Amino acid sequence: MSDVAFAYSARSEPVVSLTDLRIETAERVFLRGASGSGKSTLLGLIAGILSPQAGSIEVLGQDLLAMNATQRDSFRASQLGVIFQIFNLLPYLPVGANVTLPCRFSAVRAKAAAEAGGADEEARRLLGRLGLDADAVWAKRSTDLSVGQQQRVAAARALIGRPGLILADEPTSALDANSRDAFIELLNEECDAAGAALIFVSHDAGLADHFNRALDLADINTAMEVV
Amino acid sequence: MARFPILTLALRSIRNRAGTALLTILTVAISVTLFLTVEKVRHGARASFENTISGVDLIVGARSSAVNLLLYSVFQIGDATNNITWESYQAVANARGVDWTVPISLGDSHRGFRVVGTTPAYFERYQYGQQRSLEFVSGQPFDNLFHTVIGAQVARDLGYELGQEVVVAHGTGSVSFVEHDSNPFTITGILESTGTPVDRSVFVGLEAIEAIHLEGPTGAGSGLSAEELEAMDLTPDAITAFFVGLDTPVVALRLQRQVNTYPSEPLQAIIPGVALAQLWGIVGAAERTLAAVAAFVVLTGLVSILTAVLTSLNERRREMAILRALGARPGHIFSLLVAESAGLALAGALLGTAFTYAGLTAFAPAIEARFGILLPALVPGLYDLAIIGVVTVASAVLGAGPAWRAYRNSLADGMTIRV
C-alpha cells in the first residue's frame, strides 16, 4: 500500500493514512492496533471492499484500484480468506456448507479445491487439520458449536481453495489463552502449508511472537495521530 | 448447493427463520385465498347470471323498463307493471320472422315459490347456459289442466315427489291469504337443477291459471269440477309476457322496433343479452368493490412480507458482511433479499391457491344448491397462475426496498460487522 488515504465521507477526517506498507508472499504479519485505530478499515481496503481516496493498493501483484467493483469482488472471492472476531458463520448453513461456501462464489477456489480432492474432501481435511472431528461437526448448525470451534470452522473456510492472502480480524478475542494459542498455531501451520500470507489484526500485543513480523498500526497509520 | 448460491441461500435463510416465515406465508396464503375465492364466486355469479337464459331472441311485456321486464320475466324479481292482451300476443306471435313464442303468466305462488303459467313449449324452448335445454329428473311436461311441473329447488326444499298435490296461492309473497284450494295440482314432472330461477318455479298450464281465476283474480278458485273446466274455452284474456324465438336474429331489431311502436297497446320488446348487460352494469359495481377490497387484502399480505424482511435487516448485517467478505457482490445481497421476499410470496400464493381449491371442492355443491352459483373449474388454471405470478413479482418489487437498504448497508459496513 502506498500513500493511501481513506475517509468514510468527503467531510469526515481520514481514518487511514499511511505512506507505505508491504507484506511479502507467504509472510505472516501481526498488526497491533487499539480499538478505533482503523484496523477493520485497513482490512476493508486490502480486501477491496473499501476504496481509498488517494494512493495505490496492490495485492498479490494485482492493482486493486485499477479494477472495477465487480472485478474487486471477484478478486476477493478468489484470492482472499477472511476470519472475523466472532459470529463468522452463516447460522442457517450447516458447518460443511459454511466451509465450502467460498467455492460457490469463486470458480478459482472451486477449481483449487477440486484439485485437492474435491470441495467436501478438502473441507473435511481442513476441519481435521484444525482439530475438529469433521464427521461429527459436518452437518451441525454453527450455533451448536462452541466459539472456539466456530473460529476453527471459519479458519477452514478462509483457507479452502488456497487463497493467497488470509485476513484475520481479531479472531482470538473471544478465546481463552490456551485455545487462542492453539488456534494461532494451527492457523499458521495451515497458511504455511497453503503458501498463503497472513495479516493477523489484534489489540493484544502479547500475540506478536507467533508471527514473522509485528507492526503497530499507530506507527504506520498517521491518520490516528490527527485524531 | 448450486454454482450460483443466492437462491439456495435465500431458501435456507427463510428456513432458518421458520416461525416468522411460516406466519408471513400464512398471512399471504389467507389473503390470496380470500382474493381467489372472491374472484371465483364473482365469476361464477356472473356466469350464472349471464347463463340464466339463452336461445331467446326477444322478451315482450308491458311497457316499463328493460331491466324491470328482464327481472320479473326471467329472474322472478319484482312484478309486471301491466299485463298484455292475448290479441297483442297473437299479433306479435304471427308477425313475419317469428319462429316460436312461449307465453308466461305470473302472479301466483306456492309456499314462496313463484307459479309460472305457460305452455308445454316452455320446456322445449327455454334454454340456459350454453344452449342447454331443460331436462326432467322424473316425469314429463303437463298435459292436463291441473298438472304441474316443479323446479329442482322446489322439489328439494319442499320434499315433493311425483304424484303429490300442490295448492297454488294468489299473490307472490311467501305467506298467502287466498289459496286456490278448490283446484289442487298434481305434480307430473320434476326438472333437473339448472342453477337458474327455473329451479325455484312451479309451472302450470296457461289455461290452468285462467281456470283458477274464473271467479275473479282474488277468488278462492273455481267451484267447477276439473272435467267441467276442461270442457271450457280457457284461452286467457291477458298474459304477463312472452319469449320470442326468431327465424333469424337479423330481424330482432326490426321486430323490436315494431313491438315498441305497436299502436294498440304499449308493449316493450327487449333483447335478453342487452338487458342482461344493463342489469350487470347496475349490480356489477358491488362485485367490483368486493374485488377491490380483496385486492387490498392481498396488498396487506405483501406488506407483511415487507415488514418481516425489514425487521430482520438489522440483525442480518453480520450475515451480509460475511457474504461480502466471501466475495458476494452488492448485487448478490440485493438479489438475496429480493429472492426471499419473492420466495415467501410464492409459497404463500401457492398455499393460498391450494386452500382456495380445497375449499371450493368441499363447498361448491352447497354453494350451487343454496345460491344457484355454478362455480367455475375446480382445478387451477391460467388465471390462478397469473395471480401467483403477480403476487410473487409484486412481492419482489416491494422487497427491492429493504434489499436496496441492505445493499447500502453492505457498502457502508464493508467488512466491519456491526450489531
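Every chain is numbered from 1 and lettered A, B, ... according to where its sequence line falls, protein lines coming before strand lines. Note that this is a predicted model, so its numbers are computed, not measured.
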Is the backbone of A:Q71 close enough, under 3.5 Å, to the side chain of A:S74 for a donor and an acceptor to pair up by distance? no

So which residue, B:S13, B:A328, B:G331, ends up with the most heavy-atom pairs under 4.5 Å with chain A? B:S13

Tell me, for A:R72 versus chain B, whether the close heavy atoms (under 4.5 Å) come from the side chain, the backbone, both or neither. neither

Heavy-atom count around B:I282 CD1 within 6.0 Å, excluding the residue itself: above 12? yes

The interface call for A:R109 against chain B, heavy-atom contacts under 4.5 Å, is neither

Tell me if a side-chain donor or acceptor on B:R405 pairs with a main-chain N or O of B:L310 at a distance below 3.5 Å. no

Using ring centroids (six-membered ring only for Trp), state whether B:Y357 and B:F355 fall under 6.0 Å. no

